[in-house]
There are 2 protein chains.
Amino acid sequence: MAEEIGDRAQHLLKVLVESYIRSGQPVGSRALARDSGLDVSAATVRNAVADLEELGMVSSPHTSAGRIPTNKGYRMFVDSLLTVKPLTDREIITLNGQFGADGSNQELAISVSDYLAGMTEMAGMVMIPRTAKRSSLRHIEFMPLSDHRILAILVINEKDVQNTVIKVDRQYTTAELQQAANFLNSELAGHELFDVRHRILKELREAKDGMEQMMHQAISMAEQVFEQPGTKLLNDDFVLSGQTRLMGFEELSNMEKLRGIFEAFNEKQEILQLLDRCLDGDGVQIFIGDESGYDVLDECSMVTSCYQVDDEVLGILGVIGPTRMAYERVIPIVDVTAKMVSAALAQSK
Amino acid sequence: MAEEIGDRAQHLLKVLVESYIRSGQPVGSRALARDSGLDVSAATVRNAVADLEELGMVSSPHTSAGRIPTNKGYRMFVDSLLTVKPLTDREIITLNGQFGADGSNQELAISVSDYLAGMTEMAGMVMIPRTAKRSSLRHIEFMPLSDHRILAILVINEKDVQNTVIKVDRQYTTAELQQAANFLNSELAGHELFDVRHRILKELREAKDGMEQMMHQAISMAEQVFEQPGTKLLNDDFVLSGQTRLMGFEELSNMEKLRGIFEAFNEKQEILQLLDRCLDGDGVQIFIGDESGYDVLDECSMVTSCYQVDDEVLGILGVIGPTRMAYERVIPIVDVTAKMVSAALAQSK
DNA sequence: GTTTAGCACTCTAAGATTGCGAGTGCTAAC
DNA sequence: GTTAGCACTCGCAATCTTAGAGTGCTAAAC
């Protein structure tokens with residue numbers, strides 16, 4: 001059953017979705033006939049809209065109300081009908097140079113997320129990937145704590161610092177630890193985190209026969225640092241801002257629903273999985289309603305794009321808001337922001 | 001106008017508040033007479049309650065509804081009437097050993113906050129003070145970044161790591177930075193952060209005439225680290241969990257109000273100021289409604305207590321929930337939790 | 001075959017009306 | 001000081017009404 005839609009029906013769907021996004025009210029045949037610009041009567045429009053309903057593009061909340069787009073209708077709208085409104089020059093100028101390359105990735109992510117939230121009046125989010133292949137270990141450092149515990153400090157990439165506590169079988173002196181760190185730095189520094197974890201440590205361990213005692217210990221410390229189950233070293237993270245703006249939308253005024261969404265935000269893992277799925281695509285991607293696979297988001301849409309350096313995708317950024325959002329405005333904002341971030345990161349390399 | 005309240009009136013207020021906390025419904029004179037256990041009629045109760053109303057302890061939402069406690073009524077209730085329900089042995093056993101001394105302060109705070117939120121079914125919060133006098137600098141370390149920028153890593157207390165980027169006038173080699181760090185460590189390590197910032201650096205600078213060039217530079221780097229305007233080194237922080245639970249309370253089902261509260265949570269600074277005010281008092285403190293000074297919290301109460309080691313207050317923890325909360329249960333939970341945290345911290349010293 | 005006008009029908013949202021129950025305040029008696 | 005009695009007020013929920021919007025169908029017009 002090929003879903004062929006005539007030109008007129010497409011046009012009507014477009015006008016209907018636009019009108020609904022603007023007003024939030026179901027769109028009736030009379031208004032649609034007027035707004036469509038077509039020189040046809042409401043009755044004709046009724047027939048066409050009845051076809052759209054049969055295809056599952058629109059539905060009526062009740063017998064005698066107008067039609068509202070279904071998720072499928074939104075999907076068709078953003079895929080084939082939407083005319084994106086490019087940013088004005090002024091907006092681009094404001095955006096340009098907004099994101100400095102100073103500060104940590106964390107700080108950059110926060111400022112980008114705030115920016116997205118502010119521009120779109122919805123919630124902004126930026127994923128900070130730590131597993132990216134390009135993450136390389138720059139420096140490792142140990143400090144003795146009391147009780148056979150050691151604080152390991154890692155500097156990753158340019159300016160991200162991570163630390164974790166490991167346990168060892170005896171006390172070490174500062175000098176011993178320094179020596180261990182020196183050895184590990186000479187062996188590991190500059191390598192990519194992924195490699196360190198999966199390959200280099202293994203190689204070192206296998207070749208350890210000829211090594212002295214201290215190096216053995218250094219390697220087992222490093223193993224603990226990189227394998228520690230609770231470690232957040234290698235987990236992605238994301239920042240979110242402007243969540244409270246979502247409370248302003250009527251379609252999300254159902255407490256239960258909203259609570260579900262907020263709880264999903266707190267369960268970072270779930271959202272991250274979702275964001276991971278955006279990594280595949282190129283350019284701006286859109287999840288409409290339950291396309292995300294999460295029930296709680298069934299009245300929300302996400303507009304995302306990935307940012308990258310040298311053709312390698314580093315992460316995802318985007319916004320989340322009600323399904324009924326001004327896509328034609330949000331899409332270019334997300335798009336351009338991703339490009340700006342990519343540029344800022346390339347510069348700081 | 002001394003606010004003298006007879007014994008009977010006090011008792012009635014107590015029963016009224018308890019009943020309202022339980023049911024959330026305005027309490028009428030008949031029900032109050034029945035529940036009070038007094039052998040008086042509803043009419044008598046009406047007279048007494050009218051007196052309470054005159055004193056501002058209770059009010060009626062409208063002419064012919066029962067009475068509900070005002071903030072002043074709640075205040076009297078928690079100050080003089082409340083009979084606290086001690087925790088059961090089982091609860092204390094569960095609580096005991098809940099909080100390990102491993103991991104960073106941050107991690108401890110998160111687990112405590114989660115615990116408070118879980119036990120009380122409201123939002124939990126724990127302040128992580130960084131300005132505490134006992135915060136002492138343990139180690140400082142520099143790493144060169146590109147472009148005249150240096151990454152400074154500070155280890156504070158046992159296991160808190162902070163880092164910040166500073167700018168310098170020329171490139172430094174790793175060796176130079178190592179030397180500077182060595183010098184600073186020998187001068188600063190073990191001193192309290194507050195002193196480092198306000199006293200020791202000053203002394204060093206004043207005495208710098210006899211020093212060599214490298215030490216001058218080391219001192220000015222340290223000054224940048226500790227004075228940098230954007231630095232979060234010395235700012236307190238706090239963690240909050242279970243915010244979404246607040247969405248479950250009817251009295252907070254007003255979107256606008258709730259949004260205000262959530263936004264206040266995001267504006268950490270404001271909440272921290274509020275928490276600072278708790279530092280003065282001993283034991284459990286309670287803010288009822290607008291006593292906090294924040295309009296947005298006028299339907300909320302905070303129950304807080306400070307945790308301490310060796311009689312020195314380290315920080316604040318507590319819960320936040322609707323004014324109509326089960327104080328007799330929440331108060332001991334907060335109280336005992338604070339004591340447990342104090343104990344856990346003392347142990348880990 | 002497509003388009004249109006006409007019309008009966010459906011459904012919602014917003015008021016208006018009503019009755020009920022809860023609770024008060026007052027008064028007069030105990 | 002306490003109590004019973006009673007008129008009165010108010011909110012709430014149920015019910016009804018009405019107006020308006022919009023549909024679906026049919027039959028006629030193009």
Side-chain angles (χ1 to χ4, degrees), chain A residues 4-13 15-20 22-70 73 250-251 253-254, chain B residues 4-13 15-20 22-70 73 250-251 253-254:
Chain A
E4 305 234 347
I5 300 188
D7 283 353
R8 171 192 275 160
Q10 285 204 9
H11 178 71
L12 286 174
L13 178 60
V15 176
L16 187 148
V17 175
E18 284 168 351
S19 166
Y20 181 69
R22 223 178 313 113
S23 70
Q25 297 301 316
V27 186
S29 55
R30 178 158 38 244
L32 191 50
R34 176 170 26 80
D35 295 349
S36 71
L38 301 178
D39 200 14
V40 295
S41 76
T44 311
V45 168
R46 275 205 281 282
N47 290 328
V49 171
D51 295 345
L52 284 176
E53 184 155 31
E54 207 151 313
L55 289 171
M57 298 289 179
V58 298
S59 71
S60 14
H62 56 84
T63 333
S64 96
R67 302 308 209 293
I68 61 176
T70 60
E250 308 128 50
E251 50 262 73
S253 58
N254 177 334
Chain B
E4 305 233 348
I5 301 188
D7 283 353
R8 174 192 273 158
Q10 284 202 10
H11 178 72
L12 286 173
L13 178 59
V15 176
L16 187 147
V17 175
E18 284 169 351
S19 166
Y20 182 69
R22 221 178 315 113
S23 70
Q25 298 299 317
V27 186
S29 55
R30 180 160 33 247
L32 190 50
R34 176 171 26 81
D35 295 348
S36 71
L38 301 178
D39 199 16
V40 296
S41 75
T44 311
V45 169
R46 276 206 280 283
N47 289 329
V49 171
D51 294 346
L52 285 174
E53 183 156 31
E54 208 151 310
L55 289 170
M57 298 289 180
V58 298
S59 70
S60 14
H62 56 83
T63 332
S64 96
R67 302 305 211 290
I68 60 176
T70 60
E250 308 129 49
E251 50 262 73
S253 57
N254 177 334

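Only one option out of B:Leu16, B:Ile68, B:Asp51 pairs with B:Val58 in a side chain to side chain contact (heavy atoms under 4.5 Å, CB included); it is B:Leu16.
Put simply, the side chain of A:Leu52 does not reach to within 4.5 Å of the side chain of A:Arg67, judged on heavy atoms. Using a 4.5 Å cut-off on side-chain heavy atoms (C-beta onward), B:Leu38 and B:Leu12 make contact.
B:Leu13 and B:Gly73 get closest at one heavy-atom pair: CD2-O, 4.2 Å. Nearest heavy atoms, B:Ala42 versus B:Ser29: O-CB, 3.8 Å. Taking both residues in full, the closest heavy atoms of B:Tyr20 and B:Pro69 are given as CD2-CD, 3.5 Å, listed atom of the first, atom of the second, then distance.
Within the 4.0 Å cut-off from OP1 or OP2 of D:dG11, not a single side-chain nitrogen or oxygen of B:Ser64 is found.
Interatomic distance, OG of A:Ser60 versus CD of A:Glu53, reported as 4.0 Å (0.5 Å rounding). Separation of atoms OG1 (A:Thr44) and CG (A:Leu32) is listed at 11.5 Å; rounding is to 0.5 Å.
Rounding to whole angstrom units, CZ of residue A:Arg46 and P of D:dG22 are separated by 10 Å. Distance CD1 (A:Ile68) to C1' (D:dA21): 16 Å, rounded to an integer number of Å.
From the 5' end on, the contacts that DNA chain C makes with chain A at under 4.0 Å to a non-hydrogen atom open and close at C:dT3 to C:dT12.
For B:His62 and B:Val40, each mapped to the nucleotide of DNA chain D holding its nearest heavy atom, the one lying further toward the 5' end belongs to B:Val40. Comparing A:Val49 and B:Ser41 against DNA chain D, the residue whose closest nucleotide sits nearer the 5' end is B:Ser41.
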Checklist entry - Can you list the steps and then say if A:His62 with A:Ser64 is a side chain to side chain contact (heavy atoms under 4.5 Å, CB included)? => result CA-CA 6 Å; A:His62 56 84; A:Ser64 96; 4.2 Å; yes
Polar atom pairs between nucleotides 13-19 of chain D and protein, under 3.5 Å, N or O only, would you list them?
none

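A heavy atom closer than 4.0 Å to some atom of DNA chain C occurs in B:Gly28, B:Ser29, these being the qualifying members of residues 23-39 of chain B.
Contacts of B:Ala65 with the nucleic acid, taken as non-hydrogen atoms under 4.0 Å apart, involve only primed sugar atoms and P, OP1 or OP2.
Between the side chain of B:Thr70 and the backbone N or O of B:Met57 there is at least one donor-acceptor pair closer than 3.5 Å. Counting only distance, with no hydrogens or angles, the side chain of B:Ser23 and the backbone of B:Ser19 share a donor-acceptor pair below 3.5 Å.
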